Amino acid sequence: MAGRNLVNEPLWNSEDAPDPIDLGLIGWVLVVLRGLPLAVLVFGGLIVLLIIRLFEIPLFGVRRPITPFITQFVCRTAFRILGIGFQTSGALMQQRGAVVANHTSWLDIFALNARKRVYFVSKAEVANWPGIGWLARATGTVFIERDRKKAREQTQVFETRLKAGHKLLFFPEGTSTDGLRVLPFKTTLFAAFFADGLRDFMYVQPVSVVFHAPAGQPERFYGWWGDMEFGPHLLKTLGARRQGRVELIYHAPAKVSDFENRKALAAHCEEAVRHAHSLARLEK
């Protein structure tokens with residue numbers, strides 16, 4: 001599977017080719033030692049989640065009072081298996097609303113789920129991706145289509161999920177990068193927040209996701225962008241002799257009704273994410 005485009009936006013590409021992958025014997029040993037327990041964790045957790053959903057759906061409907069804790073446990077444990085450091089700062093949003101973050105890698109999904117029980121918003125095609133699509137559907141991902149005829153219907157889905165207490169997570173850059181930058185946020189993704197049924201109660205919390213590379217490795221070590229394939233990047237992550245860390249920085253939630261329009265809200269969130277991302281990368 002190539003491409004990190006979750007919302008039908010063009011892929012970002014670096015001017016420099018991706019760094020070559022050279023695992024060596026020790027690297028391949030680490031792939032096995034980390035990969036097997038990670039697979040058991042992810043697919044075992046998926047089986048448990050699906051079993052519980054058989055009871056959760058008829059009892060609670062759209063609400064998910066149990067299964068998000070399974071997802072959170074799996075994602076937290078995944079970082080322990082991988083050996084990647086995990087740290088966060090800032091308070092989690094208590095109000096109803098959405099979370100927006102910059103996008104570096106498939107690891108973002110694990111990181112953001114490990115700290116906060118969230119539900120991702122993705123393009124409809126992801127539902128049909130092998131493996132990833134199954135996981136996405138099981139964990140409550142909201143799939144959207146870029147069809148104006150369905151805009152009202154999709155806004156109603158957002159409203160139902162948000163009023164049920166779900167925190168929906170968007171990647172407003174529309175694609176992933178090498179982790180060294182934050183791309184301009186796509187303002188169209190913020191339009192739904194201003195719908196009559198959402199604007200008055202909704203908040204948006206910006207989050208900066210910062211990856212720090214292992215010692216001696218390029219700064220963009222964890223970046224996954226452009227036409228990079230998932231398989232080789234997964235092997236590279238599993239086989240790293242030394243691991244780095246990921247840092248999540250949660251910013252103050254912004255009340256949607258305090259902003260004149262989607263462009264103003266998007267600019268505010270983008271500035272918060274970019275500023276903290278730049279500072280964190282300087283501090284390392």
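A quick note: this is a predicted structure, and the numbers were derived from the prediction, not measured.
When all heavy atoms of Arg242 and Ala215 are compared, the pair lying nearest together is NH1-CB, 3.6 Å. Taking both residues in full, the closest heavy atoms of Phe259 and Ala254 are given as CE1-CB, 3.6 Å, listed atom of the first, atom of the second, then distance. When all heavy atoms of Ala98 and Met202 are compared, the closest pair comes out as CB-CE, 3.6 Å. Residue Arg181 comes nearest to Thr177 through the heavy atom pair O-OG1, 3.7 Å, listed as atom of the first residue, atom of the second, then distance. Across all their heavy atoms, Val273 and Pro206 have their closest contact at CG2-CB, 3.7 Å. Minimum interatomic distance between Val99 and Met93 (heavy atoms only, all atoms of both residues): CG2-CE, 4.5 Å.
Below 30°, between 30° and 60°, or above 60°: for Phe170 and Phe158 the angle between ring planes is above 60°, a perpendicular geometry. Between Phe171 and His103, the ring-plane angle classifies as parallel under the 30° and 60° cut-offs.
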Taking it one step at a time, do Asp108 and Phe211 satisfy side chain to side chain contact (heavy atoms under 4.5 Å, CB included)? CA-CA 9 Å; Asp108 297 337; Phe211 282 91; 2.9 Å; yes
Side chain to side chain contact (heavy atoms under 4.5 Å, CB included) between Leu82 and Phe110, intermediate numbers included: CA-CA 11 Å; Leu82 291 169; Phe110 281 85; over 6 Å; no
Would you check, one step at a time, whether the test side chain to side chain contact (heavy atoms under 4.5 Å, CB included) holds for Ile84 with Thr237? CA-CA 9 Å; Ile84 297 175; Thr237 304; 4.1 Å; yes
Go through the steps for Arg34 and Gln243 under the test side chain to side chain contact (heavy atoms under 4.5 Å, CB included), then give the verdict. CA-CA 12 Å; Arg34 291 170 175 159; Gln243 291 285 18; 3.4 Å; yes
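Annotation for Phe73: atom CZ does not count as buried by contact number, only 12 or fewer foreign heavy atoms lying within 6.0 Å. Within a 6.0 Å sphere centred on CD1 of Ile26, other residues, nucleotides and ligands contribute 12 heavy atoms or fewer. For Asp258, the CG atom is densely surrounded, since the number of other residues' heavy atoms within 6.0 Å is greater than 12.
Geometrically, Lys167 does not engage Tyr203 in a cation-pi contact, judged by NZ or CZ lying under 6.0 Å from the ring centre and within 45° of the ring axis. Cation-pi geometry between Arg262 and Phe193 is not met: the NZ or CZ atom fails to fall both under 6.0 Å from the ring centre and inside 45° of the normal. Because its NZ or CZ atom is both nearer than 6.0 Å to the ring centre of Phe201 and within 45° of the ring axis, Arg96 counts as a cation-pi partner of that residue.
Transitive grouping of hydrophobic side chains (ILVMFWY, heavy atoms separated by less than 4.5 Å) keeps Val210 and Val182 in distinct clusters. In terms of hydrophobic clustering, with Ile, Leu, Val, Met, Phe, Trp and Tyr side chains grouped at heavy-atom distances under 4.5 Å, Phe79 and Val207 are assigned to a common cluster. A continuous path of ILVMFWY side-chain contacts below 4.5 Å connects Val118 to Leu92, so both sit in one hydrophobic cluster. Ile21 and Trp225 fall within a single hydrophobic cluster, where Ile, Leu, Val, Met, Phe, Trp and Tyr side chains are chained together by heavy-atom contacts under 4.5 Å. With hydrophobic clusters built from ILVMFWY side chains whose heavy atoms lie under 4.5 angstrom apart, Leu50 shares a cluster with Phe43.
Between the His251 side chain and the Gly90 main chain, no donor and acceptor come within less than 3.5 Å of each other. At distances below 3.5 Å, at least one donor-acceptor pair connects side-chain atoms of Tyr222 with backbone N or O atoms of Gly244. Here the side chain of Asn102 pairs a donor or acceptor atom with the backbone of Val209 at under 3.5 angstrom. Of the possible polar contacts, none joining the Glu219 side chain to the Asp178 backbone as a donor-acceptor pair under 3.5 Å is found. Listed for the Ser176 side chain is a donor-acceptor partner under 3.5 Å among the backbone atoms of Trp224. Here the side chain of Gln95 pairs no donor or acceptor atom with the backbone of Pro253 at under 3.5 angstrom.
We find the CG-OG1 distance between Leu162 and Thr155 to be 10.5 Å, quoted to the nearest 0.5 Å. In this structure, NZ in Lys263 is found 13.0 Å from CD in Glu270, a value given to the nearest 0.5 Å. In this structure, Glu247 CD and Ser208 OG are separated by 9.0 Å, a value rounded to the nearest 0.5 Å. Atom OG of Ser122 and atom CG of Leu169 lie 11.0 Å apart (nearest 0.5 Å). Rounded to the nearest 0.5 Å, atoms OG (Ser89) and CZ (Arg115) are 9.0 Å apart. Note that the CZ atom of Phe120 and the CG atom of Leu135 stand 12.0 Å from one another [nearest 0.5 Å].
At least one side-chain heavy atom of Arg137 sits less than 4.5 Å from a side-chain heavy atom of Phe143. Residues Ser257 and Arg199 are in side-chain contact: their nearest non-hydrogen atoms beyond the backbone lie under 4.5 Å apart. Contact annotation: the side chain of Arg53 approaches that of Leu49 to within less than 4.5 Å [non-hydrogen atoms, C-beta and beyond]. Between His233 and Pro18 there is no side-chain heavy-atom pair separated by less than 4.5 Å. The shortest distance between side-chain heavy atoms of Phe194 and Leu265 falls below 4.5 Å. Proximity of Arg245 to Phe86: side-chain heavy atoms (C-beta onward) are nowhere separated by under 4.5 Å. For the pair Phe190/Asn261, no side-chain contact is recorded, criterion being any heavy-atom separation below 4.5 Å from C-beta on.
Each of Thr71, Val74, Ile109 was checked for a side-chain contact (heavy atoms from CB on, under 4.5 Å) with Thr139, and the lone residue meeting it is Thr71. Remark: of the listed residues Arg63, Arg117, Arg161, Arg161 is the sole one forming a side-chain hydrogen bond (donor to acceptor under 3.5 Å, both in side chains) with His166. Remark: of the listed residues Leu238, Leu41, Leu33, Leu41 is the sole one forming a side-chain contact (heavy atoms from CB on, under 4.5 Å) with Ile81.
Val32 belongs to a hydrophobic cluster with Leu36, counting contacts under 4.5 Å between side-chain heavy atoms of Ile, Leu, Val, Met, Phe, Trp and Tyr, direct or through other members.
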